[in-house]
2 protein chains.
Amino acid sequence: MAVATQSLEELCINSIRFLAIEAVEKAKSGHPGLPMGAAPMAFVLWDKFLRVNPKNPKWFNRDRFVLSAGHGCMLQYALMYLTGFDSVTIEDIKQFRQWESKTPGHPENFETPGVEVTTGPLGQGICNAVGLAMAEAHLAAKFNKPDLTLVDHYTYVILGDGCNMEGVSGEACSLAGHLGLGKLIALYDDNHISIDGSTDIAFTEDVGKRFEAYGWHVQHVPDGDTNLEAIQQAIETAKAITDKPSLIKVTTTIGYGSPNKANTAGVHGAALGGDEIKLTRENLGWNYEPFEVPDDALSHMRKAVERGASLEAEWNEIWAQYKTKYADEAAEFDRMLSGRLPDGWDTVLPTYKPEDKALASRKHSENCLNALAPVLPELIGGSADLTHSNLTELKGFGDFQKGQYQNRNIRFGVREHGMGAICNGIALHGSGLIPYGATFLVFTDYMRAAIRLSALSRAGVIWVMTHDSIALGEDGPTHQPVETIASLRAIPQLTVIRPADGTETSGAYKVAIENARNHRPTLLALSRQSLPNLAGSSIDGVAKGAYAVVDCDSTPDIILIGTGSEVGLCVQAAEKLTAEGKKVRVVSMPAWDLFEAQDVAYKESVLPKAVTKRLIVEAGTSFGWCKYMGSEGDIISVDRFGASAPGGVCMEKFGFTVENVVTKAKALLG
Amino acid sequence: MAVATQSLEELCINSIRFLAIEAVEKAKSGHPGLPMGAAPMAFVLWDKFLRVNPKNPKWFNRDRFVLSAGHGCMLQYALMYLTGFDSVTIEDIKQFRQWESKTPGHPENFETPGVEVTTGPLGQGICNAVGLAMAEAHLAAKFNKPDLTLVDHYTYVILGDGCNMEGVSGEACSLAGHLGLGKLIALYDDNHISIDGSTDIAFTEDVGKRFEAYGWHVQHVPDGDTNLEAIQQAIETAKAITDKPSLIKVTTTIGYGSPNKANTAGVHGAALGGDEIKLTRENLGWNYEPFEVPDDALSHMRKAVERGASLEAEWNEIWAQYKTKYADEAAEFDRMLSGRLPDGWDTVLPTYKPEDKALASRKHSENCLNALAPVLPELIGGSADLTHSNLTELKGFGDFQKGQYQNRNIRFGVREHGMGAICNGIALHGSGLIPYGATFLVFTDYMRAAIRLSALSRAGVIWVMTHDSIALGEDGPTHQPVETIASLRAIPQLTVIRPADGTETSGAYKVAIENARNHRPTLLALSRQSLPNLAGSSIDGVAKGAYAVVDCDSTPDIILIGTGSEVGLCVQAAEKLTAEGKKVRVVSMPAWDLFEAQDVAYKESVLPKAVTKRLIVEAGTSFGWCKYMGSEGDIISVDRFGASAPGGVCMEKFGFTVENVVTKAKALLG
């Protein structure tokens with residue numbers, strides 16, 4: 001396939017290929033196959049369609065591009081360099097996969113401006129893209145006026161066989177079809193190869209038919225290695241389909257151009273090696289030095305800079321008119337984009353006294369969400385088919401449906417993992433939307449990968465998780481969290497809050513919204529059952545992660561530490577112990593990470609080293625609690641799976657009674 | 001719809017319905033809707049097709065029945081009672097969802113003989129069923145002879161909209177279609193209702209078309225409330241399709257028979273209430289007392305006892321002939337079913353000396369698997385498209401494919417969660433198969449729900465998880481486990497082992513195989529990088545969970561505790577400290593749960609309370625390690641997300657060097 005002279009397109013496409021080949025070779029690590037095979041479709045997409053401003057990766061109305069097959073990130077880095085993103089220089093390309101480089105081994109939005117989301121774990125990116133498209137649809141419905149189109153951009157994805165095998169992608173794509181997201185366009189790199197070899201080994205389904213079943217518009221470009229026109233035509237057709245998302249199956253050769261390694265699993269995830277690079281150069285007629293790009297190709301690709309500047313300038317014009325003509329909407333738009341919360345937004349969060357009706361914290365959560373909804377129009381979200389159990393409906397704000405994208409209640413269906421990745425996409429759309437996703441706490445197990453990514457990629461999502469312990473009762477051990485909260489606390493960069501009552505739930509939401517503004521996700525663990533309102537609880541206390549809800553005059557004899565539904569037990573036990581002359585402090589510890597972030601003096605004031613007698617009470621695993629137990633500590637915990645029985649029976653059988661707390665405290669006091 | 005006289009079938013079907021209605025009512029908890037709506041299809045299945053022996057729920061050649069929509073378990077309990085299973089009496093029905101009853105809120109195989117798998121979390125059951133069908137196909141290919149069919153049974157599933165929305169079900173169903181599992185028959189309870197209401201809200205895909213895309217045979221019974229003949233015909237047709245799994249979409253009315261609540265979300269998961277029960281009785285012409293079953297219905301259903309005894313007797317005949325004619329195969333079949341391991345099976349596991357080549361523990365794992373494969377024909381498994389990274393191929397034993405079911409390497413595709421639930425099904429087939437499933441450790445996040453269920457449901461699966469720390473290098477933070485091992489250690493009833501070298505990897509497999517025989521899953525965390533073989537490592541040490549690999553003559557000044565790849569660092573550091581006159585013990589702690597299971601004396605001997613200076617070294621989160629840290633302890637850990645850089649660079653930057661271990665140890669020693 002040696003060519004004497006190459007067309008301009010071929011020069012550009014091979015520039016992409018060889019940047020990827022050489023970067024992987026230099027790093028002796030990485031995935032050259034996809035960049036080599038998907039370069040033609042990616043070139044057509046970026047050259048002919050993608051409306052971005054390389055010099056302003058945060059321009060609001062940019063198209064979004066997601067490389068769901070994140071291992072192929074040299075494809076994206078090459079395009080970003082070629083089109084003039086400042087965040088990816090040729091030096092960055094040479095530092096691919098090296099310590100502290102801007103070009104890490106999978107795309108990281110928090111590392112490389114211009115990268116929208118963090119991918120790598122397969123299936124996540126396409127789901128993020130569904131979220132990005134939902135965000136666009138929502139904002140368009142909300143802000144666009146008949147005479148001024150402020151919000152109008154596409155979401156493009158490149159995904160491969162791996163993403164298509166992952167169940168999570170099916171969840172989000174089914175929902176995308178139901179929602180008719182017409183501005184979502186996915187290019188499926190159909191190269192018939194995955195790590196284990198040919199897809200004939202394990203993946204022989206009819207992907208196109210499946211996507212038609214989801215309600216997508218499906219096209220096939222059979223000669224995706226060379227037929228640029230067909231790719232372009234397909235994208236144009238896809239754009240013209242306004243009421244369905246589009247899948248374009250583009251058949252390619254993985255590792256295209258490499259005589260010996262093309263179309264093999266070996267070229268997926270290993271450097272080509274010097275010999276094969278030489279042969280590939282000969283094959284593709286490439287004589288440029290490693291990391292050298294022909295001038296013609298570079299200057300052509302760099303037209304994206306001027307194109308982008310011009311697109312942004314046009315949009316600024318519209319924005320200027322919008323600000324004049326629709327001042328109120330413009331003010332809200334601006335506030336959201338800037339990440340500013342409205343003044344006094346948190347004053348709507350209710351606080352409670354002991355005489356107020358005892359409610360479940362999931363019910364308090366519902367009240368908080370509904371108090372916030374009118375004040376924070378950026379709040380949008382829903383449940384994975386447990387709306388009336390999670391209590392997550394924003395009343396009066398309608399269901400987000402096809403043609404009703406201005407509405408704010410998202411019906412995710414029984415698709416926890418898809419919901420998770422979609423919420424990440426909504427948050428990372430970067431427009432100030434604060435998404436929340438809800439299910440039963442135990443089902444965070446289904447979506448843990450997306451929760452982890454919300455933490456890693458700094459997505460300000462609120463995870464609303466209810467039915468948080470054995471107290472949920474009869475649904476039994478498959479539904480009763482035991483180790484769940486501990487396993488979530490262990491995730492870096494994630495705030496986990498288990499509020500004790502109504503006031504603490506308000507405190508949790510205050511933290512969650514502020515966290516969201518600071519690009520940090522928060523997970524709330526909420527009870528199914530009613531919890532008494534405590535006299536000593538406070539919103540500020542929650543923000544500090546742990547604080548005394550009951551205290552004594554001098555150094556305590558013993559500290560009872562509880563979280564969530566168990567704080568009330570501790571308070572009751574403290575009353576009894578105090579009546580017997582003991583000096584008792586009760587500490588509510590709704591959030592470990594927030595407590596750990598306090599200064600040493602505060603932490604010492606709450607849990608003085610000198611007070612070694614401590615009783616911890618939490619209806620969950622003891623795993624990790626040694627951290628706060630002190631040298632003379634004990635714990636009432638659940639270190640086995642639960643049981644199917646009424647919630648009150650479970651709590652009693654597992655030792656969560658005032659009597660047992662008193663007994664164990666006395667044993668410590670000696 | 002009141003009927004003056006009911007046919008026998010109607011009597012039986014309504015018996016099922018009302019047992020469910022009354023049990024839920026009495027418990028004031030549960031899900032009556034599905035039992036009421038799916039009773040007709042379930043009756044036809046159990047009455048006309050299901051080959052089981054109610055008096056011997058463990059009869060090898062029984063058909064397997066899985067209620068994937070596990071919340072509808074009163075359907076299954078009612079059928080089990082009616083057909084004469086001793087494990088579900090009428091008293092058990094009355095104790096539905098009560099403390100220590102045999103009828104918990106979701107089906108639990110470890111609680112109720114006759115229940116094959118534990119369901120409840122949606123999507124799991126259908127995937128377990130794929131595993132059960134794979135087990136049948138494998139054993140049939142392995143043991144059947146032209147003249148004697150020893151293995152021949154079907155796997156039937158009832159699943160609903162929820163299971164179909166879950167991505168995990170798509171993974172396993174895609175694989176089932178690829179594998180052509182012709183004896184898997186799924187009845188899809190198509191009632192258009194989920195918890196949030198009509199499926200129109202979020203689930204409008206064409207499910208039948210999607211399953212056709214997977215390569216399933218699809219039928220539709222539109223009048224599943226009343227047309228028993230059509231249901232029967234469809235199942236017969238499905239049975240006749242031998243080269244594809246079958247989906248029968250049976251359109252039903254959830255809560256059928258309840259005048260006000262039928263076809264609503266309200267009847268899905270709440271008791272009907274006395275008034276509505278009365279109306280339902282009138283509607284269906286039911287005058288029997290709660291929990292009373294008409295004699296005609298009961299005696300008809302109880303024919304299953306004689307039928308089952310006869311089926312089992314026929315099979316015993318075949319088995320008797322088989323034992324005579326094919327003595328060797330019969331011996332193996334018998335050994336596997338009994339759960340006996342072959343004598344001396346573990347002697348094939350290699351041990352190593354320090355001079356032996358340093359290999360990654362994933363490579364040692366490959367050697368163990370391949371040493372065991374000829375000795376343990378029950379070992380069968382594979383990777384989620386990472387075969388050559390996880391190193392899980394049983395060489396020479398071929399790929400398990402359509403028409404090649406005797407082979408033992410399963411190609412799961414990029415479907416971690418589906419793989420997990422399938423492996424649970426294979427293990428719970430109860431025939432002695434020991435399945436293993438593999439992926440990168442960080443992707444246990446994708447399949448955590450299935451891992452949890454393997455622990456809860458006592459499925460003897462081996463989870464082979466490689467690339468276990470930041471040392472994997474350039475793939476970066478999306479792939480580098482940090483909190484993963486801790487989060488898995490927290491799961492009850494799961495053994496988690498992180499072996500330090502080749503000998504410890506053998507020790508890990510010894511535990512894993514024995515665990516599997518004892519219905520306990522094991523998860524192995526294995527390195528990508530080479531690890532030196534340690535002089536002090538031992539197979540027995542692993543079984544004890546923690547043990548000294550390096551010791552000193554008297555009480556240590558300090559104990560270095562390491563796991564996996566960090567034990568070697570500790571050993572090297574100990575050499576340096578010892579050379580300076582310190583008394584150092586190095587403890588390898590490959591498995592917390594195994595250590596905790598030892599007696600107090602052993603634990604004290606390894607980690608004496610009096611030795612308070614302890615340095616823990618593990619390339620993962622410090623979360624939970626306080627348990628072993630002592631009062632003067634420190635830890636070298638990773639408490640943030642990783643980074644994309646070569647593995648050696650990562651380890652060095654994060655402090656995992658001999659120098660740093662020595663430095664921190666000296667700081668403790670003062």
Side-chain angles (χ1 to χ4, degrees), chain A residues 29 97-99 104-106 118 120-122 162 165-168 170-171 174 177-178 194-196 201-206 209-210 213-214 385-387 411 413-415 417 445-446 448-449 452 456 474-479 483 486-487 490-492 621 623-624 626-627 640-641 644-645 649, chain B residues 29 97-99 104-106 118 120-122 162 165-168 170-171 174 177-178 194-196 201-206 209-210 213-214 385-387 411 413-415 417 445-446 448-449 452 456 474-479 483 486-487 490-492 621 623-624 626-627 640-641 644-645 649:
Chain A
S29 174
R97 295 190 151 218
Q98 301 313 301
W99 182 257
H106 291 88
T118 292
L122 294 170
M165 282 189 255
E166 285 288 6
V168 64
E171 291 180 8
S174 176
H178 168 74
S194 67
I195 289 182
D196 270 24
I201 286 176
F203 183 52
T204 51
E205 64 176 62
D206 185 337
K209 186 171 189 173
R210 173 160 65 88
Y214 291 148
D385 196 57
L386 291 169
T387 304
R411 303 288 201 161
V414 188
R415 308 180 175 107
H417 198 180
D445 281 356
Y446 272 63
R448 191 180 166 86
R452 184 181 209 255
L456 176 64
E474 295 95 330
D475 271 349
T478 57
H479 285 56
E483 76 290 359
S487 76
I491 298 176
T621 183
F623 192 100
C626 39
K627 192 179 174 81
R640 47 155 279 190
F641 287 117
S644 172
V649 172
Chain B
S29 174
R97 296 193 150 218
Q98 302 313 302
W99 182 257
H106 291 88
T118 293
L122 294 170
M165 282 189 254
E166 286 289 6
V168 64
E171 292 180 7
S174 175
H178 168 75
S194 67
I195 290 182
D196 270 25
I201 285 175
F203 184 51
T204 52
E205 65 176 60
D206 185 337
K209 186 171 189 174
R210 173 160 64 89
Y214 291 148
D385 197 58
L386 292 170
T387 304
R411 302 289 201 158
V414 188
R415 307 180 176 107
H417 198 180
D445 281 356
Y446 272 63
R448 191 179 166 86
R452 184 181 209 256
L456 175 64
E474 294 96 329
D475 271 350
T478 57
H479 285 56
E483 75 291 359
S487 76
I491 298 176
T621 182
F623 193 99
C626 39
K627 193 179 173 78
R640 46 154 281 191
F641 287 116
S644 172
V649 172

Looking at chain A, which one of [options] has the largest number of heavy-atom pairs inside 4.5 Å, strictly under?
| options | answer |
| --- | --- |
| B:A449, B:G170, B:G413 | B:A449 |
| B:G624, B:G167, B:G177 | B:G167 |
| B:D206, B:V168, B:D196 | B:D196 |
| B:D445, B:T478, B:V649 | B:D445 |
| B:A486, B:G120, B:S644 | B:S644 |
| B:H417, B:R640, B:E474, B:E205 | B:E474 |

Option in [options] with maximal non-hydrogen atom pairs under 4.5 Å from chain B:
| options | result |
| --- | --- |
| A:G476, A:S174, A:A490 | A:A490 |
| A:G162, A:A645, A:A213 | A:A213 |
| A:L122, A:L386, A:T621, A:L456 | A:L456 |
| A:P121, A:S29, A:G105 | A:P121 |

(request) Show your reasoning for whether side chain to side chain contact (heavy atoms under 4.5 Å, CB included) applies to A:D475 and B:R97. (result) CA-CA 8 Å; A:D475 271 349; B:R97 296 193 150 218; 2.8 Å; yes
(message) Does any backbone or side-chain atom of B:S194 lie under 4.5 Å from a heavy atom of chain A? Answer side chain, backbone, both or neither.
(response) both
(message) Need one label for B:H106: side chain, backbone, both or neither, based on atoms under 4.5 Å from any heavy atom in chain A.
(response)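 Contact with chain A involves both backbone and side-chain atoms of B:H106.
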(message) Under 3.5 Å, is there a donor on one side chain and an acceptor on the other for B:S487 and B:R448?
(response)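 Yes, a side-chain donor-acceptor pair sits under 3.5 Å.
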(message) Counting only non-hydrogen atoms closer than 4.5 Å, does A:T118 touch chain B with its backbone (N, CA, C, O), its side chain (CB onward), both, or neither?
(response)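 Just the side chain, heavy atoms under 4.5 Å.
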Hey, what do you get for [atom1] ([X]) to [atom2] ([Y]), rounding to the nearest 0.5 Å?
| X | Y | atom1 | atom2 | value |
| --- | --- | --- | --- | --- |
| A:Y446 | B:Y446 | OH | OH | 16.0 Å |
| B:R411 | B:H178 | CZ | NE2 | 10.0 Å |
| A:I195 | B:D385 | CD1 | CG | 5.5 Å |

(request) Starting from the C-alpha separation in whole Å, work towards a yes-or-no answer on side chain to side chain contact (heavy atoms under 4.5 Å, CB included) for A:E171 and B:E166. (result) CA-CA 7 Å; A:E171 291 180 8; B:E166 286 289 6; 3.5 Å; yes
